[in-house]
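Lettering of chains follows the sequences in order, A, B, ..., and the numbering in each one begins at 1.
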Amino acid sequence: MSNSINTEASTDTQTNSGQTIETDSLSTETTAGESDERIREAWRQYDFDGNAKLSVEDLNVWYGDDHALKDVSMEIPKKSVTALIGPSGCGKSTYLRCLNRMNDRIKAARIDGSVELEGTEIYDPNANLVELRKRIGMVFQSPNPFPKSIRENISYGPRKHGDINKGLLARLFGRDDTAKEGELVEHSLKQAALWDEVSDRLDDNALGLSGGQQQRLCIARCLAVDPEVILMDEPASALDPIATSKIEDLVEELSKEYTVVIVTHNMQQAARISDQTAVFLTGGELVEYDDTDKIFESPESQRVEDYITGKFG
Amino acid sequence: MSNAYATTDQLVSAESNIYDRGLDTAIALSVVGFMLGFVTLVNLVPPGASGSTLTTAFGTLLAVVVGAVGITSLASYANVVPVTSQRVRGVGLGLVVSTLALTAFATALPVTMATLLGIMLLAEALAITAAGVSSRLELVDAEPNMSAGLLSGGALGVIGLVMGAAVGGALTGFGSRLWLGGAAVAGVGLFLLTILPREDLGSTLPTAIVVGALGLTIVTGTIGVGWQWNPQTLSGGFTGGAVIPVFLLSGMLLSAWSAAKCRAGFGARGREYGAFLVINLNAFLMVAVMATIVVFVTVKGAGYAVHGLTVGALTALVLLTPALLVAVKFARTPAGTNDWNSGARQLFRVLPLAAVGALAAMFASVLVTGSPLRYVYDYTVQVNRQGKTLDTAVAVTPDTTIGTLLLTALAMVLAVAFFRSFGSLRKVGVQSERARLIRRAVPTVVLVFVMLSTLFLVLGPAPFGLPLGGTLGFAAVVGGAVAASGLVVYPLAGVLTSDEPTLADSAQREAPLFTLGVFGGLGLLLATLLLQPVAGINPQVGPVNLVPVIALGAAVASLALVALTTVAKRSSEETITRRVLAEERRLGLVGAAGFTALLGLHVAVTSTSFTVLGVSVANKGSISWPMVMEAYIPLGAEPGGIMPAIIGTVWLVIGATLFAVPLGVGAAVFLTEYAEQGRFTAVVETATNALWSTPSIVFGLFGAAFLIPRLGGDESLLTGMLVLGFMLLPLVLITSRESIKAVPDEYRDASAALGVTQWETIKSVVLPAAMPGVITGVILGVGRIAGETAPLILVLGSTLNAKAGVNVIDGFQFVSEPPFIVNDALMTASASLPTQVWAVIAAGVSGSPQMGWATAFILLMVVLTFYAVGIMARTYFRRKLNYE
Ligand SMILES: Nc1ncnc2c1ncn2[C@@H]1O[C@H](COP(=O)(O)OP(=O)(O)OP(=O)(O)O)[C@@H](O)[C@H]1O
Ligand SMILES: [Mg+2]
């Protein structure tokens with residue numbers, strides 16, 4: 001308190017502590033006063049060069065009577081990293097699942113709106129879900145490896161798609177892809193920063209891995225199918241800092257070739273790796289969507305600013 | 001873990017508290033009493049036993065108890081199974097002391113078993129009272145609650161009601177209603193006595209009264225051995241022989257509970273220990289009852305079942321090999337990180353090894369000395385209402401013919417190598433031009449075969465004077481045999497004639513083709529062997545049987561390649577080459593294993609024998625087991641066997657499983673994965689459950705009235721299979737459905753997100769994960785249907801006169817008109833174990849009762865075998881799903 005008398009005199013050259021005090025008092029006012037801040041259309045408009053990989057328009061999702069996503073429209077640029085941030089329960093996972101129609105699998109979910117993948121409507125009744133999900137891969141919030149060996153987990157997708165043939169028949173017909181499988185397994189695991197830990201026990205059951213290893217295995221499994229878009233739901237939530245930074249490097253690397261949409265609760269992570277950021281706030285609304293630098297340096301919405309600086313959520 | 005506590009004198013004087021020691025003895029006494037109750041219940045020792053019978057019985061009991069406690073304390077002393085709990089030690093000591101006392105009592109005094117049991121109850125009552133009172137007088141440390149609680153009060157109240165009614169009725173007669181008064185007084189009295197005083201009195205005094213009263217009735221002879229009560233309302237009656245054991249079981253259960261509560265100082269810990277004892281004694285009773293059933297059947301049937309069992313010493317040795325292997329493995333398994341006393345560990349681990357080894361040595365000595373070993377024992381059978389002593393024996397005879405078993409066992413050991421190497425085999429991915437050539441040739445060959453068969457069909461049934469089946473079979477046999485040898489020899493020639501710089505390289509190049517050769521050859525030879533009896537011919541050139549010759553030749557070729565690659569491996573440096581060569585070497589072994597197995601199969605299927613270098617390989621003579629290998633001889637003139645019934649039951653189970661499992665699992669997949677969960681699935685579920693509880697005779701009637709008219713109009717094996725299949729279906733459906741439901745949705749999501757279709761997901765993720773549950777269902781179901789009698793009586797046709805088992809495999813025949821494959825064996829009536837038991841024992845159809853018991857025993861064994869196979873399969877899948 002005695003400190004504040006000093007700073008009062010020199011408001012121009014505010015010290016750090018002075019700044020904090022000021023924003024603190026400001027924020028309590030705004031969150032109290034502007035909790036029903038109107039979302040302006042312009043905040044969600046994000047202009048970028050090049051083509052959109054995914055364009056979402058007026059997406060609404062209901063779980064029974066629960067309106068979980070409200071009128072979300074968003075264009076996701078090609079070969080870039082898009083971060084989705086927002087408080088828990090605001091509908092990030094729901095939104096992510098809409099992008100490869102995984103919400104179709106939830107009985108209670110009702111989806112309305114349009115999502116286009118390079119101009120093709122994915123909610124078309126004739127859409128080929130197998131092809132769609134091959135092109136848009138997904139890593140889930142909690143690790144879910146199959147109760148099979150590490151190798152089989154990775155080669156599962158390609159095998160089912162007929163890209164890898166194994167077994168006696170394939171061998172008899174001279175189309176055995178064991179070598180190809182080995183390369184694929186190694187490549188995918190290296191990409192997911194797991195190879196060094198498991199290279200000597202590829203035939204062990206994947207359930208014997210630690211939680212963080214399982215999550216990286218799931219990432220590798222997703223990469224093995226070679227999708228165009230990769231949806232990641234908090235892929236690093238169970239990882240230690242080293243593995244996290246490996247995953248972050250991987251995401252940056254991937255963005256050269258792939259379109260990555262990533263949900264994260266880690267602001268620094270979002271700021272580090274993403275090109276653009278979308279902020280969802282409680283109630284399932286997309287509040288602001290813009291360049292990552294813009295969002296983190298000077299967001300338009302007061303609520304977004306509060307959320308990012310940690311005053312609200 | 002030190003040795004400090006595990007010394008014998010500490011076992012005796014670990015605690016000097018006389019109260020605790022006394023209660024431990026009381027608990028031990030009730031455990032002994034409980035067991036004695038069971039022993040008298042099953043009439044192992046009748047309640048009326050006295051004199052030498054009694055002393056013998058107690059001597060045995062003493063030996064068992066002292067032996068068990070002794071071994072346990074020895075093991076504890078040696079730190080193998082350390083017993084740390086003071087209570088367990090106390091009870092152990094108490095067991096010895098109380099058994100000793102009982103034995104002394106039984107020897108010294110002229111009492112009957114019943115009196116002794118009554119005295120035991122009285123002693124218990126006294127001990128409990130003393131413990132309760134001393135706790136109430138604060139002579140010992142205890143933390144009793146306010147009251148023993150309503151639950152105990154209620155239970156004792158009910159017991160009081162029953163006892164009051166009995167006593168009242170006995171005094172006044174059940175004619176008047178006075179006994180109701182007795183019941184009420186005793187019930188309410190015990191209830192109040194339990195809940196009103198402090199817990200230490202409340203949970204001891206009423207129990208002591210009940211137990212004491214039970215003891216008194218027995219000791220005073222009110223209810224003695226000869227006692228009988230035949231109420232007019234019941235057609236039967238109660239005898240002392242049945243009532244006294246029940247008194248003892250319930251009285252000892254009660255006193256064990258009370259004593260345990262006292263021992264643990266009442267309160268929460270007392271309840272815990274009391275409940276622990278009661279639950280354990282109950283579990284013991286359950287297990288004992290189940291074991292009794294098995295033991296009963298075994299005792300009644302095993303002797304007759306093994307009469308005349310003769311085993312060649314070599315065969316016995318072979319049979320013993322797996323046990324020996326397991327024992328060796330067990331002995332070599334490291335004990336883990338515990339600092340177990342290594343000497344004792346060695347002792348305990350080597351014991352089984354020593355036992356098996358001793359048996360092996362015995363059989364070997366029979367082989368060397370050439371004199372048979374017989375275990376003869378008398379067994380009386382009823383022949384024409386006269387007891388006749390049967391020369392029943394288990395014999396081990398020396399023999400020079402090695403049985404098929406020898407071959408098969410050898411092949412099995414090698415087959416383990418096969419499964420091991422198959423995994424790494426897949427790693428070999430080298431292409432080969434010749435492999436492609438052969439691959440292209442395969443469709444042509446198939447086409448030619450099809451065309452030839454069509455030609456035969458068109459030209460008529462017997463073009464070469466052979467029936468069609470025979471012709472095709474002959475063609476297949478010769479073609480298969482030639483192709484098999486070609487496939488194996490060709491790559492070998494390739495290796496030898498190759499112009500590659502090193503042998504290793506050429507061997508590696510031939511690897512895929514060789515794989516093709518071995519597996520193709522194996523497949524073809526198998527087909528050949530199976531077709532041979534169908535074709536009704538033995539392809540012979542002069543005195544030489546082609547198939548074994550080819551098999552031997554191929555095995556030699558395999559081994560030659562093994563040798564070659566081993567040599568090559570030595571001169572090769574490259575690691576990849578090494579790997580490939582190692583795999584091929586193993587493959588060679590596998591090939592040899594396969595051929596040996598086929599050879600064994602050949603001998604088994606074709607009933608032939610052949611001689612190599614003076615060693616005769618035959619399928620008869622090395623083991624003979626009349627009960628299992630001979631047909632039934634009616635009228636019990638000679639003890640024959642029940643081979644047709646065994647074969648019938650095995651086929652029934654196989655047929656029913658083949659029918660029900662795919663259908664049930666399929667329906668479960670549909671209902672769980674595809675159908676909308678709603679009213680429809682609910683209805684199906686209810687219907688399935690209802691079907692599962694439908695009485696089996698209803699299934700039998702359905703089979704008789706619906707299936708039989710549509711399937712040949714006569715009782716048949718096929719109808720039996722279908723009816724049992726229908727019975728199995730609901731259980732398979734229910735359990736599969738539950739286990740499919742239990743597969744986490746995450747797996748399905750993960751698979752869907754990879755763009756895998758639902759069906760592929762079900763096939764490769766859901767069903768494997770659900771497999772253990774599905775197998776559990778099949779195990780339970782098979783257990784039920786294998787022993788099912790009622791429906792089989794209606795649909796299978798009981799053929800006690802069957803001279804041979806149904807020959808289902810040989811029964812398949814190809815015909816030139818639809819349905820092209822027929823099987824007469826499936827359409828004929830068959831014997832089965834349950835119907836045979838029913839016919840022999842219950843219906844009194846010819847034969848001695850011993851025959852029936854022996855049949856029941858073998859039925860039990862067959863069911864247990866199916867059960868074991870199921871459990872092993874389940875364990876395998878469980879392991880696969882978790883950590884391999
Ligand atoms: N399967 C479902 N059935 C019903 N309601 C659901 C379902 N899945 C999500 N919801 C609801 O939808 C809302 C959004 O959930 P969602 O999982 O998308 O949140 P989220 O932003 O991913 O949160 P978190 O950061 O905690 O993962 C929540 O209120 C949640 O309760
Ligand atoms: Mg989420």
Checking heavy atoms, do the side chain of A:Pro145, its backbone, both or neither come under 4.5 Å from chain B? backbone

Please identify, among B:Thr757, B:Asp745, B:Val756, B:Thr761, the residue contributing the most non-hydrogen atom pairs under 4.5 Å to chain A. B:Val756

Would you say NE2 of A:His265 has more than 12 non-hydrogen atoms from neighbouring residues, nucleotides or ligands within 6.0 angstrom? yes

Inter-residue atom distance A:His161.NE2 - B:Glu760.CD, 0.5 Å rounding: 9.0 Å

Within this structure, what is the OG-CZ distance for the pair B:Ser764 and A:Arg159, rounded to the nearest 0.5 Å? 8.5 Å

So which atom in B:Ala752 and which in A:Arg105 form the shortest heavy-atom distance, rounded to 0.1 Å? CB-NH1, 3.7 Å

Given that the side chain runs from C-beta out, which part of A:Arg101 has a heavy atom under 4.5 Å from chain B: side chain, backbone, both or neither? neither

So, for B:Ala753 and A:Met138, which heavy atoms are closest and what is the spacing to 0.1 Å? CB-CB, 4.0 Å

Hey, which of A:Val130, A:Asn100, A:Leu132 has the most heavy atom pairs under 4.5 Å with chain B? A:Val130

Heavy-atom closest contact (A:Asn144 atom, B:Ala750 atom, distance): ND2-CB, 3.4 Å

Chain B heavy atoms under 4.5 Å from A:Lys160: which part of the residue, side chain, backbone, both or neither? side chain

Considering non-hydrogen atoms only, spot the tightest contact between A:Phe146 and B:Tyr747 and give its length. CE2-O, 3.3 Å

To the nearest 0.5 Å, tell me how far B:Asp749 CG sits from A:Ile106 CD1. 7.5 Å

Please determine whether the number of non-hydrogen atoms from other residues, nucleotides or ligands lying under 6.0 Å from atom CG of A:Asp65 exceeds 12. no

